[in-house]
Number of protein chains: 2
Amino acid sequence: MSTADDILDLAQDYIQTRGYNGFSYKDIAAKLGIKTSSIHYHFAKKSDLGCAVIRRYITDFERHVRQAEEKEQQGPEAAWQALDQYLGPFIETAHTGTKICLCMALGGEIMSLPSEIRAEVGAFFSFNEEWLSQILHKGKESGAFQLNDHPEHKARIFFSTLEGALLITRAKQDEKYFKRIIHSLKQDLAP
Amino acid sequence: MSTADDILDLAQDYIQTRGYNGFSYKDIAAKLGIKTSSIHYHFAKKSDLGCAVIRRYITDFERHVRQAEEKEQQGPEAAWQALDQYLGPFIETAHTGTKICLCMALGGEIMSLPSEIRAEVGAFFSFNEEWLSQILHKGKESGAFQLNDHPEHKARIFFSTLEGALLITRAKQDEKYFKRIIHSLKQDLAP
DNA sequence: GTCTATACAAAGATAGAC
DNA sequence: GTCTATCTTTGTATAGAC
């Protein structure tokens, strides 16, 4: 792992815990045992670092979701497996007890962020909704899911709930809270 | 309106738009045409200001919700009226296009906040869940609502969705998004 | 690629005059 | 209650040596 990767890892960790405006180059430098000027060598400005973090996050997330699509061939169990694959990172995040979704953290301070980062946050949210919408639609066709609303609407509700629950779970320091939400969300889709 | 109130108003506005770590005494002083030392006279430390803002916010919110309880006497329409009264501030916030719920904004940076503020954020979330849980329970009894889950679980889902949707709506700059979520949430409760 | 040195502005805060 | 003045620390960033 290169220094640049170490910096990205730490920056992402800081954003997910303290927010973009809640950490500095000094924090990262101290943890890595280097000087802030070394970080500026890899990422000239803080906004460059922020952009790099969110782009990597989205790329990794989309790769993860594409693996879910591979599982989701046809048949009822496949749709549920794809949904579980999708939910994995959210459950892991909740499990930390200290982090929320990176884009949720950035979304909370979005009016103070450079426009490049704003755009990425919006794109992440749209991607999730569209992907969920598709899988809900397919799951409905295959009989895996039963929906009381249009797939697009259901997808938005589902995603808003997931993200909101992550933040609230952390504030309450109660991982069980999140698990119950996941359970209710899945139950709501069951035929 | 006193200067202290003006400071509180501006601080709240800044937190809801830019986050707690996204504004400074200088920002507020500039807007009010005073010096930062004058703000320190009213609120010695930034954390004092933060605490005052969230405490006022919660007090005002609880007063608003208590008015909803008065509407919620008995009968099916009453439960729906109480719910609409409750939803008012969320809809107003979404309408600004720039703000999210104060506690959501603080919740996003909670790991960087003083413990007094952390505790208030958690209390706000718990209050909302408990209030919603009660009204869902009563509405179910009166036949106003039909629930496919326990009132406590439904309340948590409902609240998580509401808060998550506020943040996502702002990031996407699409108020219609929030209105559709509200519509779906209400439809889901209808018998 | 990392360091030292440095600049320069911003942030949080205090002391004391008016 | 607000001001001026001051202080300290932090944050972001650059120049140039190693």
Side-chain angles (χ1 to χ4, degrees), chain A residues 1-56 105-106 108-118 120, chain B residues 1-56 105-106 108-118 120:
Chain A
M1 283 270 280
S2 67
T3 302
D5 287 332
D6 291 342
I7 295 167
L8 285 169
D9 288 346
L10 274 168
Q12 182 178 329
D13 204 290
Y14 273 124
I15 296 171
Q16 290 186 270
T17 50
R18 304 178 54 90
Y20 181 84
N21 294 318
F23 80 99
S24 72
Y25 273 28
K26 201 180 172 187
D27 296 321
I28 293 176
K31 283 230 180 192
L32 289 181
I34 59 175
K35 301 293 168 181
T36 59
S37 51
S38 302
I39 304 177
H40 280 285
Y41 169 80
H42 295 283
F43 305 96
K45 296 183 215 162
K46 192 182 179 183
S47 60
D48 296 332
L49 174 56
C51 273
V53 168
I54 190 169
R55 288 196 180 123
R56 188 185 65 159
L106 293 169
E109 352 176 55
I110 204 159
M111 306 298 288
S112 74
L113 302 180
S115 59
E116 320 96 79
I117 297 184
R118 277 194 218 198
E120 299 285 352
Chain B
M1 284 271 279
S2 67
T3 303
D5 286 332
D6 291 342
I7 295 167
L8 285 169
D9 288 345
L10 274 169
Q12 181 177 330
D13 203 291
Y14 273 125
I15 296 171
Q16 289 186 270
T17 50
R18 304 177 54 90
Y20 182 84
N21 294 318
F23 81 98
S24 71
Y25 273 28
K26 202 181 170 185
D27 296 321
I28 293 176
K31 283 230 179 191
L32 289 180
I34 59 176
K35 300 293 166 182
T36 60
S37 51
S38 302
I39 303 177
H40 279 286
Y41 168 79
H42 296 283
F43 305 97
K45 296 183 214 162
K46 193 181 179 184
S47 60
D48 296 332
L49 175 55
C51 274
V53 168
I54 190 169
R55 289 199 178 119
R56 188 185 65 160
L106 293 169
E109 352 175 55
I110 204 159
M111 305 300 287
S112 75
L113 302 179
S115 58
E116 320 95 79
I117 297 184
R118 276 193 219 197
E120 299 284 352

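Throughout, protein chains are lettered first and strands after them, A, B, ... in sequence-line order, and every chain is numbered starting at 1.
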> Does the side chain of A/I110 reach to within under 4.5 Å of the side chain of B/T17, using non-hydrogen atoms?
Replying inline: no
>> Ring-plane angle category for B/Y14 and B/F23, please: parallel below 30°, perpendicular beyond 60°, tilted otherwise.
In response: parallel
>> How close do A/M111 and A/R118 get, counting heavy atoms only, and between which atoms?
In response: O-NH2, 3.5 Å
>> My understanding is that only one of A/L32, A/D5, A/I15, A/I39 makes a side-chain contact (heavy atoms from CB on, under 4.5 Å) with A/L10; could you say which?
In response: A/L32
>> On a heavy-atom basis, which atom in A/Q16 and which in A/A105 lie closest, and how many Å separate them?
In response: CA-CB, 4.4 Å
>> How long is the straight-line distance from NE2 of B/H42 back to CD1 of B/I7, given to the nearest 0.5 Å?
In response: 4.5 Å
>> Does either side chain, that of B/T3 or that of B/D6, offer a donor lying less than 3.5 Å from an acceptor on the other one?
In response: no
>> Checking side-chain contact (heavy atoms from CB on, under 4.5 Å) between A/S112 and each of A/N21, A/L106, A/I117, which is the one that passes?
In response: A/N21
> Do you know the tightest heavy-atom contact between B/G22 and B/D27?
Replying inline: O-OD2, 4.4 Å
Is there any protein nitrogen or oxygen under 3.5 Å from a nitrogen or oxygen in nucleotides 4-8 of chain C, and what are the pairs?
residue, atom, partner, partner atom, Å
C/dT4, O4, A/S37, OG, 3.0

> What parts of residues 39-55 of chain B reach DNA chain D, counting only heavy atoms under 4.0 Å away?
Replying inline: B/Y41, B/H42
>> I'd like the 5' and 3' limits of the part of DNA chain D contacted by chain B, with heavy-atom contacts below 4.0 Å.
In response: D/dG1 to D/dT4
> Do any N or O atoms from the side chain of A/Y25 and from the backbone of A/K45 form a donor-acceptor pair under 3.5 angstrom?
Replying inline: yes
